[in-house]
2 protein chains.
Amino acid sequence: MTRAEQKERTRQAIINAAFSQLSAEKGFASLSLREVAREAGIAPTSFYRHFADMDELGLTLVDEAGLMLRQLMRQARLRIEKHGSVISTSVETFMEFVAENSNVFRLLLRERSGTSAAFRGAVAREIQHFCAELAHYLRKQTQCPLEHAQLQAEAMVTLVFHTGADALDAPRELYPQLTKRTITQLRWLAHGAASYGRKQPD
Amino acid sequence: MTRAEQKERTRQAIINAAFSQLSAEKGFASLSLREVAREAGIAPTSFYRHFADMDELGLTLVDEAGLMLRQLMRQARLRIEKHGSVISTSVETFMEFVAENSNVFRLLLRERSGTSAAFRGAVAREIQHFCAELAHYLRKQTQCPLEHAQLQAEAMVTLVFHTGADALDAPRELYPQLTKRTITQLRWLAHGAASYGRKQPD
DNA sequence: ACTTTGAGCTTACAACTGTACGCCAATTTA
DNA sequence: TAAATTGGCGTACAGTTGTAAGCTCAAAGT
């Protein structure tokens, strides 16, 4: 089985090479097959033994990023159970994620509005997962109608993601301020949804 | 003066060529100087008589887009004075803008998280203008503290922009639904900010 | 032990990129 | 009218890209 093992290893080398070449100045679109192959330590044409396309690589990266997103949510839930305060804990956890995995978050952020419909769809699906889980959680907590919860979850995720995007261009010292602002926005939203909801059920 | 006149004309030809080559599948980054020159009807090297760089062209495009954004806000205000309902009128006006100028909106959306710091900065500035005007308006209307208004305006713009992004990939039939959802989110936010604000002034 | 498989390599090519250089011709200036 | 300026052109070059074709050779299958 050393055969398949070796293959998987260079496959990972390719994926790692791609991730490590992403940066603030370089998006996936401006990544070239040859560059990736070079950094992965293989010949350009060997790339095709693992991926048919750069697009296929990209979708793999998005999948991996989505996986990390789900881990993030799990971690947030754990912290909430211990620490209590739902909103602030969530935002803080998310900001940590962005700080420590900026390349991963940037990938999601960019390809969400990128030039490939397949990429956009993949990212949208990952974020939708995220929203759905959050909505489920909200519904348990506030016992509001499902559609309500979904709409609120979507807005929350939108606001948090936007803050994450700001964070990518901000020095670390500003993170507390960004976090605080976002927490306020989310509290407003939650409060409004709770009290306004009754007057306008649909 | 036919000299400068002619120059300005081909300059506009370049700008138009660039705009017309933007699409869902093609972002500014994947635009080539030669392609743009070809569509503008000039030789590749003639491009340099007008812009030092593709980047310089890009910043010009962003400026132009920002200008349209400000026109949009003016139009929204006019409609509000006639029609009343602030939130729904704003969202509807914005959705029309996105539908009719999708390439312009896409440019802003993409370069906001693009690979050029200069671009990101330029877009951020345009959106900040947008937010500031909205904040000014909110403050007049609700008489809340300035920081409050800015925070709320920022959240509103974030939510509306995000809906615009969704709209780019959605068939026209879904626009009313998207619009309705966003209006609800904005109402929640406004309501929450108004009532929650007193309890937590800062 | 023999054959098949397949990951990885080298070489090669055609397409495209940005841009340096120098010329032309028409407008503008002196 | 003579000189200077300048928008536009054609040519040319070096670099990069994706990928096709065919080889090698060690592991896996028989």
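Chain A is the first sequence line, chain B the second, and so forth, proteins listed ahead of strands; every chain is numbered from 1.
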(message) List the residues meeting ring pair (Phe, Tyr, Trp, His ring centres under 6.0 Å) with B/Phe130, not counting sequence neighbours, and say none if there are none.
(response) none
Look at the side-chain N and O atoms of [X] and state whether any lies under 4.0 Å from the OP1 or OP2 oxygen of [N].
| X | N | value |
| --- | --- | --- |
| B/Arg38 | C/dT17 | yes |
| A/Arg3 | C/dG8 | no |
| A/Thr10 | C/dA7 | no |

Atom pair distance, as rounded to whole Å: [atom1] in [X] and [atom2] in [N]:
| X | N | atom1 | atom2 | answer |
| --- | --- | --- | --- | --- |
| B/Asp53 | C/dG18 | CG | C1' | 10 Å |
| B/Phe51 | D/dG7 | CZ | C1' | 14 Å |
| A/Lys7 | D/dA28 | NZ | P | 14 Å |
| B/Leu33 | C/dA20 | CG | P | 11 Å |
| A/His50 | C/dG6 | NE2 | C1' | 10 Å |
| A/Met54 | D/dG18 | CE | P | 7 Å |
| A/Arg9 | D/dA27 | CZ | P | 13 Å |
| A/Tyr48 | D/dA21 | OH | C1' | 13 Å |

(message) Among C/dG8, D/dG8, C/dC9, which nucleotide has an atom closest to any side-chain atom of B/Ser46?
(response)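 Closest of the options to the side chain of B/Ser46: D/dG8.
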Closer than 4.0 angstrom, basic N to acidic O: yes or no for [X] and [Y]?
| X | Y | value |
| --- | --- | --- |
| A/Glu133 | A/Arg70 | no |
| A/Glu111 | A/Arg106 | no |
| B/Arg79 | B/Glu96 | yes |

(request) Could you pick out which residue, A/Arg49 or A/Arg34, lies toward the 5' side of DNA chain C when each is mapped onto its nearest nucleotide? (result) A/Arg49
(message) Evaluate B/Gln177 against B/Leu174 for side-chain contact (heavy atoms from CB on, under 4.5 Å), listing each step before the verdict.
(response) CA-CA 5 Å; B/Gln177 190 184 329; B/Leu174 290 183; 3.7 Å; yes
(request) Establish whether the base of D/dG8 is bridged to the side chain of B/Thr45 by a donor-acceptor pair shorter than 3.5 Å. (result) no
